[in-house]
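Notes follow once the structure below has been shown.
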Amino acid sequence: MPDSPPAGRGVLARLVDVRPGEGRALAWSWAYIFSILAAYYVLRPIRDQMGVAGGIENLPWLFTATLLGMLALNVPFGWLVKSLPRARFVPLTYRFFALNILLFALALFLAPPEADIWIGRVFFVWLSIFNLFVVSIFWATIVDVFSTEQGKRLFGFIAAGATLGAIAGSATTALLARSVPTWALLLGAVVLLEAAVFSMRGLARLSERLHRVPGEAPEHAPIGGSVLAGITRTLASPYLLNIGLFLLLFSVTSTFLYFEQAGIAKRSFPDRGAQTAFFATVDLLVNGLTLGVQLFLTGRIVRRLGVGWTLALLPAASIAGFVGLALSPTITAIVAFQVFRRAGNFAIARPIREVLFTVVPREDRYKAKGFIDTVVYRLGDQVGAWSYAGIAALGFGATAVAVTAVPLSLAWLLNALWLGRAQEKRAARTEEAGTGEPA
């Protein structure tokens with residue numbers, strides 16, 4: 001894509017406030033996230049079906065294994081970030097995951113049918129780790145390339161590339177799940193990950209010209225620091241801790257809804273192919289709604305409301321949604337709430353949450369952000385999964401889950417408003433100091 005024409009001319013300028021010199025970087029960003037999300041959404045319905053096949057009662061244990069896997073993987077990833085420049089550690093991480101996918105494809109091709117349940121359980125845990133790592137690395141790279149001001153204008157539009165990739169991946173699996181073997185779908189995801197590596201390198205070639213921060217190490221230099229800095233720097237910073245709390249509360253409440261959806265699918269669709277197609281169809285509904293908001297509304301919303309109030313939209317909507325579920329816990333209500341909530345996260349909360357990281361030191365953009373996006377997020381899954389299991393064990397149903405989620409969503413809303421004010425103060429200090437290294 002050539003660089004954008006002046007404001008007011010061209011289709012792109014009417015969709016997003018792109019400035020001269022940003023067009024090519026925007027195109028590479030789109031290709032990068034499109035490839036990642038297409039790969040993930042080819043795999044996601046397969047994971048969801050495998051999780052259901054292994055028994056909904058076993059899902060809390062799978063979430064526990066996922067959290068342990070996240071903790072284990074953060075240390076070697078921290079070493080890569082410390083020791084290698086971005087142009088090396090990002091491709092290495094993606095190709096590690098691509099090799100894992102090839103091994104799963106081989107296992108599904110060679111293993112007898114009775115082994116599918118255990119392969120499915122391992123795959124469920126692995127993909128839950130894969131998703132957060134590859135997307136977190138993408139956004140860390142984007143935060144490293146674009147400034148705070150650019151992020152407010154462009155991150156919502158960049159996230160639309162993620163949605164298009166998700167739509168493409170979901171549609172592929174929905175169309176082919178009944179006729180193409182699972183291992184063949186996995187091979188397609190490997191090709192898409194390699195496309196992501198190619199796109200990341202194209203973006204990296206433009207990054208220093210696009211946004212160079214005085215005082216930061218050059219792009220080709222390792223970031224350095226401690227292997228455990230993701231944990232230690234997060235725990236030492238009230239700002240990073242509150243970003244972690246934002247993600248934790250989102251994850252807990254999302255897990256409640258995920259378990260309800262999984263139960264609906266198992267009760268309604270006895271056939272495994274039909275279950276996979278159902279999950280893919282829900283993803284398509286989410287992504288279609290998300291795309292419209294990202295293209296036409298996200299940038300306008302954050303410019304009008306600011307970071308804090310924009311972040312508060314999702315918890316506010318969650319309060320209303322959980323109150324509705326408490327009053328009427330029907331299948332239709334649960335699915336509709338899931339679709340609107342996930343669309344609100346992808347279209348608004350997620351890209352604006354990434355703006356929070358544009359005002360932290362570069363080491364935190366990869367290490368602390370990686371820890372928050374993976375371990376803290378999955379800790380929320382863990383809390384949500386076992387809380388859901390505990391509520392069910394006490395004999396309570398969807399109404400009790402919804403009632404529990406309402407005060408959590410209220411705390412989440414207050415946390416979002418605090419983060420918005422803190423981000424604005426840090427951005428102002430950074431601008432005054434002329435450096436990208438706020439305290």
Side-chain angles (χ1 to χ4, degrees), residues 1 3-10 12-30 32-33 86 138-162 203-204 206-216 219 239-240 243 246 293-313 347-366 369 416-439:
M1 180 189 297
D3 282 335
S4 160
R9 286 165 46 197
L12 182 59
R14 287 194 290 270
L15 291 175
V16 62
D17 183 14
V18 62
R19 309 282 171 81
E22 295 173 345
R24 290 177 62 199
L26 201 59
W28 281 120
S29 300
W30 258 52
Y32 183 1
I33 192 60
R86 183 180 64 197
F138 164 78
W139 280 111
T141 304
I142 295 300
V143 167
D144 212 14
V145 169
F146 293 96
S147 68
T148 297
E149 186 275 332
Q150 290 170 320
K152 292 178 180 179
R153 289 188 290 109
L154 302 177
F155 283 6
F157 188 74
I158 288 172
L203 177 62
L206 303 173
S207 60
E208 289 204 15
R209 282 181 288 163
L210 184 71
H211 171 58
R212 183 74 178 94
V213 178
E216 285 193 346
E219 299 284 335
Y239 183 71
L240 292 173
I243 296 176
F246 182 94
V293 176
Q294 287 168 332
L295 289 177
F296 299 106
L297 294 177
T298 303
R300 293 174 173 86
I301 289 171
V302 71
R303 284 197 298 270
R304 181 175 293 271
L305 299 182
V307 172
W309 284 105
T310 303
L311 286 174
L313 290 176
I348 298 173
R350 177 62 193 260
I352 304 310
R353 178 165 60 84
E354 301 304 335
V355 173
L356 299 174
F357 288 100
T358 61
V359 294
V360 302
R362 193 169 184 224
E363 184 176 11
D364 290 342
R365 295 173 204 161
Y366 288 96
K369 175 175 167 52
L417 295 175
W418 185 92
L419 281 170
R421 290 194 296 271
Q423 192 276 339
E424 290 171 0
K425 290 178 182 177
R426 280 174 164 250
R429 289 202 304 268
T430 300
E431 186 175 350
E432 290 173 5
T435 175
E437 298 289 339

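From a predicted model like this one, the values you see are computed outputs, not experimental measurements.
Looking at heavy atoms from C-beta onward, S29 lies in side-chain contact with I142 at the 4.5 angstrom threshold. I243 places a side-chain heavy atom less than 4.5 Å from the side chain of L419. At a threshold of 4.5 Å between non-hydrogen side-chain atoms, the residues I158 and F138 count as touching.
Below 30°, between 30° and 60°, or above 60°: for W418 and Y239 the angle between ring planes is between 30° and 60°, a tilted geometry.
Between the side chain of W309 and the backbone N or O of I301 there is no donor-acceptor pair closer than 3.5 Å. Between the side chain of R365 and the backbone N or O of V360 there is at least one donor-acceptor pair closer than 3.5 Å.
The two residues T298 and A347 have their closest heavy-atom pair at OG1-O, 2.7 Å. Between A349 and L311, the shortest heavy-atom contact is O-CD2, 3.8 Å. Between E22 and L154, the shortest heavy-atom distance links the atoms OE1-CD1, 3.7 Å. Closest of all the heavy-atom pairs between T358 and Q423 is OG1-NE2, 4.2 Å. Between D144 and R362, the shortest heavy-atom distance links the atoms OD2-NE, 2.7 Å. For T148 against A427, the heavy-atom pair with the smallest separation is CG2-CB, 4.5 Å.
Shown here are the side-chain contact (heavy atoms from CB on, under 4.5 Å) partners of A140, two or more places apart in sequence or in another chain: Y366, K369. Listed by chain and residue number, E354 satisfy the salt bridge (charged side-chain N to carboxylate O under 4.0 Å, His left out) test with R350 (two or more places apart in sequence, or in another chain).
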*Using the side chain to side chain contact (heavy atoms under 4.5 Å, CB included) rule, take V302 and V355 through it: C-alpha gap first, then chi angles, then the decisive distance, then the call.*
CA-CA 11 Å; V302 71; V355 173; over 6 Å; no
*Please assess V307 against K152 for the test side chain to side chain contact (heavy atoms under 4.5 Å, CB included), listing each intermediate value before the final yes or no.*
CA-CA 8 Å; V307 172; K152 292 178 180 179; 3.8 Å; yes
*Could you go step by step and tell me if T141 and Y32 meet the side chain to side chain contact (heavy atoms under 4.5 Å, CB included) rule?*
CA-CA 10 Å; T141 304; Y32 183 1; 3.9 Å; yes
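Atom CG of residue L356 and atom CZ of residue F246 lie 7.5 Å apart, to the nearest 0.5 angstrom.
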